[in-house]
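Computed from a predicted structure; not experimentally measured. Along the sequence shown, residues carry numbers from 1.
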Amino acid sequence: MVPADQGGGVMRADLLSDPVAGLDEALAAVDAFDQALVAGLLRPQPAQAASLTELAHAVAGTPLAARVSEAAAKAAVGAAGEDHFVALAAARTALLGSVHDALMTRVTEATGRPRGEETVPATGGRQAANLLAAARAWLCDLARAGWQGIDHEVVSGAAQVVSAMLPDPSLRRPATLLDGFAAELAASCPGSALERIPARRWGDLWSRGMLLTLPGAAEAPAPGTATGRLLPLGVDLQEHATAAQAQVHAVFEPADGSAPGLVRATVSVPKPDTVVGAGLWQLLRPHMSLLAAAGEGRSMELTDMPVTAEGDLIWSDEHARPSEPADAFTTARVALPTATDPATAPLDRHPTRIAVPVFLEGYAVQKEDETMTFTVAGHPLAVDTDRVPTAGPLTPEAVATSNACIGLLRWDAGTYRVQPLAVETTVRKKPVALHAGAWAGGTTDKVGVKAEKAATDAVAVLRERAGRLLRK
C-alpha cells in the first residue's frame with residue numbers, strides 16, 4: 001500500500017523523526033564494549049569490567065544471555081578464551097542487528113513498500129577448520145592487546161593465515177576482511193601513538209571477523225536468476241585513494257509478471273591516486289555495460305542474470321542487452337512505490353548498511369552554513385551532500401534548487417539522511433534532470449570531457465612507467 005501523499009512524494013518523512021525505542025540504549029552498550037577494546041582485555045581495569053557488564057545486560061532475556069554473561073565475567077578478570085570472545089562478538093553484532101531492524105521497520109513504514117523474505121542458506125560446505133581457528137586466534141590476540149597496544153608484531157600475525165586462506169574460494173570472504181583489517185591496523189602502528197582511535201569501525205571489523213571465521217557463517221543461499229526488464233534509478237559512486245566503486249540501484253520487473261523488486265549491481269576496480277572525478281568512469285565502465293545504460297537513461301533486458309537473495313545482481317554482460325529509453329524519474333514515480341525491498345542477510349544487519357532508494361518531491365529546501373535540509377510536509381530530513389560525487393553534473397547547488405529527488409535513505413550520526421542520486425531542477429527557466437551517474441557511459445559536457453582527458457593522460461603515463469620497469 002502506497003502511503004498517502006503529504007506533499008512529499010511517496011515517502012512519509014514524519015515517521016522518520018519519531019524516536020526509536022531502545023535504540024540509544026543498544027548503541028550505548030556497543031560503545032561501552034568498544035571502549036573496553038581500546039585498552040585491551042589482557043589486564044582489564046574496573047571501567048572495562050563495567051563496560052563488559054553493560055554489554056551482557058543489553059542482551060539479557062535473549063538466547064545469548066547465559067553465554068554472554070559468562071564471557072563478560074571471564075573477560076572482566078582477564079581470563080577470556082576464544083569461545084568467550086566469540087560470544088562477546090555475537091552480542092555486539094546482535095545489538096547492531098537489532099538497531100538495523102528497528103530503523104528498517106521505520107523506513108518500511110515510511111515508504112509503504114513490501115519487504116522481501118529472508119532465505120536460509122543450505123549448509124554442508126566443508127571449510128578448513130584449522131585456518132579458521134588460526135584466524136580467530138589472531139583476533140583474540142588483538143582483543144587482548146587492545147587498539148592502544150597494537151604493534152607490528154601483533155598485526156603481522158595475520159599475514160600467514162590470510163595467505164593460506166585466500167586461495168580457497170570458500171574462505172575468500174573472511175580472508176579479504178582480515179587482510180584489509182590487518183593492513184589498516186599496520187598503517188596505524190603503534191597504537192600507543194594514535195591521537196584518535198576509530199573504536200566503532202575497528203569494533204565492527206573485529207566482531208565481524210570473529211563471526212565470519214565460525215564454520216558455516218560465511219555461507220549464503222545459492223544465487224537465483226533474473227529474467228526481465230531492469231529500470232535504473234541512479235548510480236552511487238564511491239572513491240578511495242586506491243579503489244573506486246559504482247553501485248547501480250534499479251527496479252527489476254520479472255518477465256513472468258511477478259512483483260517488481262529493488263536490485264543492485266556493483267563494480268569495483270583498483271585505481272591510481274592520480275585518477276579522480278570523471279576519470280573514474282574510464283576505469284569502471286569497461287567492466288559493466290549497465291553503467292552506460294544508466295548514464296544514457298536506458299533500460300536493460302536481462303536473461304538468466306545471477307542474483308543473490310539480497311538483491312545483488314552478479315553482473316555479467318553476456319546476460320544483458322540495452323533496451324528502450326527509461327526515464328529514472330518516471331520509474332521512481334510509477335514503479336518504485338510497489339517494488340519489494342530485498343531482505344538483508346543476518347550478518348549484514350548493521351546501521352551503516354542502510355541505503356534504501358526513495359523518491360521525494362514537493363519539498364522545501366533550507367540551507368544553513370554547510371547543512372542542507374529538505375522539509376517534507378513540515379518535517380525536516382537532512383540531506384547528505386558530502387556524498388554527491390564530483391564525477392557528474394549533479395552538484396550541491398543543483399540539489400539546493402531542486403523540486404524532486406531520487407536518493408538513498410541512510411542513517412548516520414543518529415539521524416536519517418537522504419543522499420541525492422538525481423534531482424529535477426530548473427536551469428535557465430527550463431526543467432532539467434541532473435544525475436550523479438550521467439557521465440557513466442561517456443559525456444560531451446566540457447567539464448566531463450576535460451576530466452576524462454586528464455585521466456587518460458594519467459593512465460597512459462602510469463602504463464608507460466610500468467612498462468619501463470618491467471623491461472628492466
Side-chain angles (χ1 to χ4, degrees), residues 33-35 37-42 82 85-86 89 92-93 96 127-128 130-214 217-218 237-247 266-276 280 283-284 287 347-348 350 352-353 462 465-466 469:
F33 177 69
D34 289 347
Q35 285 305 308
L37 285 181
V38 169
L41 297 172
L42 183 61
E82 180 183 298
F85 285 125
V86 168
R92 185 186 185 281
T93 302
L96 286 170
Q127 294 178 319
N130 59 328
L131 291 177
L132 294 174
R136 286 195 302 279
W138 176 71
L139 290 164
C140 291
D141 288 343
L142 285 182
R144 294 187 183 100
W147 310 132
Q148 290 177 333
I150 58 170
D151 55 29
H152 288 291
E153 183 178 353
V154 173
V155 175
S156 64
Q160 266 190 310
V161 181
V162 170
S163 296
M165 292 172 70
L166 281 172
D168 186 342
S170 68
L171 299 178
R172 200 155 292 158
R173 184 181 178 192
T176 302
L177 183 144
L178 294 177
D179 190 30
F181 189 19
E184 190 167 320
L185 292 175
S188 304
C189 285
S192 58
L194 290 175
E195 294 182 4
R196 176 185 171 276
I197 292 176
R200 173 69 67 83
R201 173 175 172 79
W202 286 356
D204 284 343
L205 293 171
W206 178 84
S207 57
R208 187 172 179 80
M210 287 295 291
L211 297 186
L212 283 178
T213 54
L214 295 175
L237 181 67
Q238 300 178 32
E239 180 182 353
H240 185 269
T242 59
Q245 174 180 283
Q247 187 171 72
T266 306
V267 57
S268 302
V269 295
K271 78 171 192 70
D273 57 9
T274 52
V275 176
V276 296
L280 297 175
L283 305 177
L284 291 161
H287 300 280
L347 287 184
D348 292 339
H350 190 290
T352 61
R353 293 293 300 266
L462 289 169
R465 289 178 180 173
L469 289 171

Point to revise | CA sep, side-chain torsions, deciding dist, call: Val275, Leu283, side-chain contact (heavy atoms from CB on, under 4.5 Å) | key: CA-CA 9 Å; Val275 176; Leu283 305 177; 3.9 Å; yes
Tightest non-hydrogen contact, residues Pro167 and Ala164, listed as CD-O, 3.4 Å
When rounded to the nearest 0.5 Å, the distance separating CD1 of Ile197 from CH2 of Trp147 is 9.5 Å
The side-chain contact (heavy atoms from CB on, under 4.5 Å) partners of Arg353 (sequence neighbours excluded) come to Arg208, Asp348, His350
- Message: Counting neighbours of NE2 on His240 that are heavy atoms of other residues, nucleotides or ligands and sit closer than 6.0 Å, is the number greater than 12?
- Response: no
Closest non-hydrogen atoms of Ala128 and Leu171, given as atom of the first, atom of the second and distance, are CB-CD1, 4.1 Å
Taken in chain and number order and not counting sequence neighbours, the residues that satisfy salt bridge (charged side-chain N to carboxylate O under 4.0 Å, His left out) with Asp179 are none
side-chain contact (heavy atoms from CB on, under 4.5 Å) filter on Gln245, not counting sequence neighbours, yields Gln238, Thr266, Ser268
One should read off an interatomic distance between Leu211 CG and Thr93 OG1, to the nearest 0.5 angstrom, of 4.5 Å
Heavy-atom closest pair (Leu284 atom, Ala244 atom, distance to 0.1 Å) is CD2-O, 3.9 Å
Residues pairing under side-chain hydrogen bond (donor to acceptor under 3.5 Å, both in side chains) where one sits in residues 191-203, two or more places apart or in two chains, turn out to be Asp31-Arg200, Glu184-Arg201, Glu184-Trp202
The reported gap from CG in Leu132 to CG in Leu212 (rounded to nearest 0.5 angstrom) is 9.5 Å
What pairs of donor and acceptor atoms, side-chain ones from residues 135-144 against any protein atom, are under 3.5 angstrom apart with sequence neighbours left out?
| residue | atom | partner | partner atom | Å |
| --- | --- | --- | --- | --- |
| Arg136 | NE | Glu82 | OE2 | 2.8 |
| Arg136 | NH1 | Thr213 | O | 2.4 |
| Arg136 | NH2 | Glu82 | OE2 | 3.3 |
| Trp138 | NE1 | Val154 | O | 3.0 |
| Arg144 | NH2 | Ala80 | O | 3.2 |

In this structure, CG of Leu237 is separated from CG of Leu280 (nearest 0.5 Å) by 5.5 Å
Contacts satisfying side-chain hydrogen bond (donor to acceptor under 3.5 Å, both in side chains) that involve residues 148-158 (not counting sequence neighbours) are none
When you compare the side chain of Pro190 with that of Ile150, does any pair of heavy atoms fall below 4.5 Å?
no
When every non-hydrogen atom of Asp34 is compared with those of Gly203, the smallest separation belongs to OD1-CA, 3.9 Å
Query raised in the report: Is there side-chain contact between Ser207 and Met210, with heavy atoms separated by less than 4.5 Å?
Result: no
Value for CG (Leu185) from CH2 (Trp206), rounded to nearest 0.5 Å, stands at 13.0 Å
Interatomic distance, CG@Leu347 vs CG@Leu96, rounded to 0.5 Å, equals 12.0 Å
Scanning both residues in full, the closest heavy-atom pair of Val161 with Ala134 reads CG2-CB, 3.9 Å
- Query: Any side-chain heavy-atom pair from Asp273 and Thr242 closer than 4.5 angstrom?
  - Reply: no
